[in-house]
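Values in this document were obtained by computation on a predicted structure and should not be read as measured data. Numbers restart at 1 for each chain; the letters A, B, ... are given by sequence-line order, proteins then strands.
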There are 2 protein chains.
Amino acid sequence: MPNSKVLPLVESEASEGVAPCCPPLTERPFTAQEAETAARMFKALGDPVRLRLFSAVASHEGGEACVCDISDVGVSQPTVSHHLKKLKDAGLLTSERRGTWVYYRVESSVLAAMGRLLALTPVKAA
Amino acid sequence: MPNSKVLPLVESEASEGVAPCCPPLTERPFTAQEAETAARMFKALGDPVRLRLFSAVASHEGGEACVCDISDVGVSQPTVSHHLKKLKDAGLLTSERRGTWVYYRVESSVLAAMGRLLALTPVKAA
DNA sequence: GTAACGAATCGACAAACGTCGAAACAAGGG
DNA sequence: CCCTTGTTTCGACGTTTGTCGATTCGTTAC
């Protein structure tokens, strides 16, 4: 899929410095651009169906799941596909076709970046 | 404000067990109900303006900020108020009027719960 | 009282979103 | 080949969302 747009949430996945998009929320006020980037991640997880799909992939054996394994979330199959695409566009999932089936996998570096965003830091003195 | 609806994201703020709404995303597939609850939190942060407002409060001295301190995010005053209300309804902020001004404060227990949701756990063997 | 200021609510509007059924695409098996 | 199965795309629909200007509410100062 050469034309798919994936957000550059993480600059590189090289050995060490995973380079998150933004500092912790508590460090300083976000700039407009930082907020734009980070909001896309949160928005992607801001839907119950997507959260279930994401959790299903994330908790599946081997760290990946076929669409057919996780389609049981109470919406039609096209809707499942639609949500998986959104998670993929947000950079939270990657997909790979293997024969008949398509497998989705969690992009753990992005998940880590989001966790770092939410990291609690000591309250600044008034 | 007796009629405001605050989501029960955290059962209690008592001394120790902050009782998050849900297990880590990677632990097991979310139930519909867990997803519904957690998605509301993520959704609240899924807008750039709200993220900037939240970050501004979170990073402000003393852990709180007057609306007038953080209104500089490029939207009208009613819109700022609207977004602060959403963050409040999601349980991420609390507010308190002190004289002329209204101060917002981060509900850190909820922030912690969200961070725990995103905690990375080892990939299960296939 | 009334005027001034900060903040919340109201009403309206366009844009974005979630959902579905139908159709198209991809891969494998007769 | 054609048929079946898994997945994505398309088109349409109703709902939700973000935004604003105008108004209202709460508080303080005069």
Side-chain angles (χ1 to χ4, degrees), chain A residues 1-7 32 35-36 39-54 56-57 60 64-90 92-105, chain B residues 1-7 32 35-36 39-54 56-57 60 64-90 92-105:
Chain A
M1 192 189 291
N3 284 13
S4 93
K5 290 170 297 182
V6 174
L7 300 179
E36 201 79 42
R40 266 189 287 245
M41 298 191 282
F42 286 112
K43 195 179 210 171
L45 294 181
D47 177 90
V49 173
R50 279 199 293 274
L51 211 41
R52 291 187 72 184
L53 290 171
F54 186 81
V57 172
H60 205 263
E64 67 178 13
C66 164
V67 177
C68 57
D69 289 328
I70 57 176
S71 296
D72 206 16
V73 288
V75 295
S76 72
Q77 195 277 324
T79 300
V80 168
S81 190
H82 167 73
H83 284 305
L84 287 173
K85 178 172 168 49
K86 286 214 150 190
L87 287 167
K88 189 177 168 182
D89 287 348
L92 294 173
L93 293 179
T94 59
S95 71
E96 181 193 357
R97 170 155 230 137
R98 289 209 288 276
T100 305
W101 300 279
V102 176
Y103 290 83
Y104 282 82
R105 175 175 289 277
Chain B
M1 190 190 290
N3 284 12
S4 92
K5 292 169 297 182
V6 173
L7 300 177
E36 201 80 42
R40 265 189 286 245
M41 298 192 281
F42 286 113
K43 193 180 211 172
L45 294 181
D47 176 88
V49 173
R50 279 199 294 273
L51 210 42
R52 291 187 71 184
L53 290 171
F54 186 81
V57 173
H60 205 265
E64 68 178 13
C66 164
V67 177
C68 56
D69 288 329
I70 58 175
S71 296
D72 206 16
V73 289
V75 296
S76 70
Q77 185 271 322
T79 301
V80 168
S81 191
H82 167 73
H83 284 305
L84 287 173
K85 179 173 166 50
K86 285 213 150 188
L87 287 167
K88 190 177 169 182
D89 286 349
L92 294 173
L93 293 179
T94 58
S95 71
E96 179 194 358
R97 170 156 230 138
R98 290 210 287 276
T100 305
W101 299 280
V102 175
Y103 290 82
Y104 281 81
R105 176 176 289 278

Problem - Between P of C/dA8 and NZ of B/K88, the distance in whole Å - result: 8 Å

Practice task
Figure out the OH/C1' separation between A/Y103 and D/dT8, and round it to whole Å.
Solution key: 17 Å

Exercise for the section: Select base, sugar-phosphate, or nothing to describe what A/Y104 touches, counting heavy atoms under 4.0 Å on all strands. Expected result: sugar-phosphate

Practice task
Find the distance A/K85:NZ to C/dC25:P and express it as a whole number of Å.
Solution key: 16 Å

Completion exercise
Tightest non-hydrogen contact, residues B/K88 and B/S95, listed as NZ-OG, 2.7 Å

Completion exercise
Residues A/H83 and A/R50: closest non-hydrogen pair is ND1-NH1, 3.1 Å

Problem - B/E36 and A/R52 ion-paired at < 4.0 Å - result: no

Detail all sub-3.5 Å separations between protein N/O atoms and N/O atoms belonging to nucleotides 11-19 of chain D.
unit_1 : atom_1 : unit_2 : atom_2 : d
D/dT17 : OP1    : B/K43  : NZ     : 3.1
D/dG18 : OP1    : B/R50  : NH1    : 3.3
D/dG18 : OP1    : B/R50  : NH2    : 2.9
D/dG18 : OP2    : B/R50  : NH1    : 3.2
D/dG18 : OP2    : B/K86  : NZ     : 3.1
D/dT19 : OP2    : B/H83  : NE2    : 2.4

Problem - Whole angstrom value for the distance that separates P of D/dT8 from CH2 of A/W101 - result: 14 Å

Handout entry: Intra- and interstrand pairs of DNA chain C - dot-bracket, Watson-Crick/G-U under 3.5 Å, | marks other strand
Key = ||||||||||||||||||||||||||||||

Exercise for the section: Write down the atom of A/W101, the atom of A/C68, and the distance for their closest heavy-atom approach. Expected result: CD1-SG, 3.7 Å

Practice task
Would you check if B/L87 and B/L45 make a side-chain contact, meaning some heavy-atom pair closer than 4.5 Å?
Solution key: yes

Completion exercise
Separation between NZ (B/K85) and OH (B/Y104), nearest 0.5 Å, reads 8.5 Å

Exercise for the section: Please name the pair of heavy atoms, one in A/D47 and one in A/V49, separated by the smallest distance, quoted to 0.1 Å. Expected result: OD2-N, 2.9 Å

Completion exercise
Between CZ of A/R40 and C1' of C/dA16 the distance, given in whole Å, is 14 Å

Fill in the blank from the handout: Taking every heavy atom of B/V67 against every heavy atom of B/S71, the minimum-distance pair comes out as O-OG, 2.6 Å

Exercise for the section: Flag the pair A/E64 / A/V57 as yes when at least one side-chain heavy-atom distance between them is below 4.5 Å, and no otherwise. Expected result: no

Problem - Atom-to-atom span, CG of A/L84 to P of C/dG18 - whole angstrom - result: 13 Å

Completion exercise
Closest non-hydrogen atoms of A/L51 and B/A39, given as atom of the first, atom of the second and distance, are CD2-N, 3.4 Å

Handout entry: Nearest-Å distance for atom pair CG/P, residues A/L87 and C/dC17
Key = 13 Å

Check the interface with nucleotides 27-30 of chain C: list each N/O to N/O pair with the protein under 3.5 Å, or write none.
none

Practice task
Measure the distance from CD on A/Q77 to C1' on D/dT4 and round it to the nearest whole Å.
Solution key: 15 Å

Handout entry: Interatomic spacing from CG in A/L84 to CD1 in A/I70 - rounded to 0.5 Å
Key = 5.0 Å

